[in-house]
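All ligand and atom numbering here is 1-based and tracks the order in the structure.
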Amino acid sequence: MAIEKAFKNFLQEKFPFKVQKISINAGFTCPNRDGTKGLGGCTYCNNQTFSPQYAANHKSVTQQLEEGIRFFSRKYPEIKYIAYFQAYTNTYGETGSLLKKYNEALAYPGVVGLIIGTRPDCMPDELLDKLEKIDRRSFLLIEYGVESTDNNTLQLINRGHTYEEAIETIQRTAQRGIYTGVHLILGLPGETRETILSHAHKISLLPLTTVKLHQLQLIQNTEMARQYKENPEIFHFYTADEYVDLCIDFMERLNPDFSLERFVSQSPKELLIAPDWGLKNYEFTEKIKKRMKERHLL
Ligand code: SF4
């Protein structure tokens, strides 16, 4: 089962030392907010929620790495780092300026690789050519926000791309030998348990390395919060225990070669409307392991 091939193990296979991701906000914008793909962004998105304090966009990549690394290097002097370009769409920009930022991160002492989070409709071949070169000399993982494999859902949440576009970009990326990951949100409005579990079957056919899951979180000041007020019946907020079973069922259907990076995400409490489980990522993983034992799967 995929939990045995967790992301931590994947990194351990790649590196003979401990590595830590450092989140970077490189000041990119998003084509689904500025009108290129859409306006207003994805209905669930309030970008404040996935950018740690130190990733403030007025700071340079070097400055952000310096601050992030200072925190970890005191505790673990031997540790190395992966620069995680996380906020907004980190391949949205002119190729030269994107490369300048990636290379700035790779030049920082102790940085051994990059993870670049982006949208599937934002990866031109010209940039992939350059990323392929980076991949030959450094660790590189491109993480695509796919969110759902159902085009009706993608439309409802205003993603601005289809699942077919995601498949095409994932294939183009993986064909170049670049590690390719996806991010999915489990529990989007209108999706039944069966729809959610069908995502596992569908993505299992793709040439992926990693999968990151998280529960639907309703965040203040988002379009989705407004939709929820108008149509609460299309939403189902899972309890933590329900979500544990959902994740296990999902894993059972998932290609066992994929490394599963996480199951949950925690938005800042002051922005979160629901569900408020109060569980940290590692606490949730423990709950999954406990439940798998109960279900005789571990
Ligand atoms: S979730 Fe990502 S793609 Fe969607 S609006 Fe927010 S930054 Fe843009």
So the atoms of ligand 1 within less than 4.0 Å of a heavy atom of Gly41 turn out to be 5 (S)
Looking only at non-hydrogen atoms, the one of Arg33, Glu147, Arg159 nearest atom 2 (Fe) of ligand 1 is Arg159
Notebook entry, point to check: Would you say the side chains of Lys14 and Tyr179 form a donor-acceptor pair under 3.5 Å?
Noted result: yes
- Message: Looking only at side-chain N and O atoms, does Tyr84 offer a donor or acceptor that is under 3.5 Å from a partner on Glu143?
- Response: yes
What class does the angle between the rings of Phe263 and Phe284 fall in, given that below 30° is parallel, 30 to 60° is tilted and above 60° is perpendicular?
-> tilted
The atoms of ligand 1 lying under 4.0 Å from a heavy atom of Arg119, numbered in the order shown, are 3 (S)
| message | Using 30° and 60° as the class boundaries, would you call the ring planes of Phe235 and Tyr228 parallel, tilted or perpendicular? | response | perpendicular
Has Cys42 got an N, O or S atom lying less than 2.8 Å from atom 4 (Fe) of ligand 1?
yes
Classify the angle between the aromatic ring planes of His236 and Tyr238 as parallel (below 30°), tilted (30 to 60°) or perpendicular (above 60°). perpendicular
Margin query: Taking N, O or S atoms only and a limit of 2.8 Å, check whether Cys30 reaches atom 6 (Fe) of ligand 1.
Written below: no
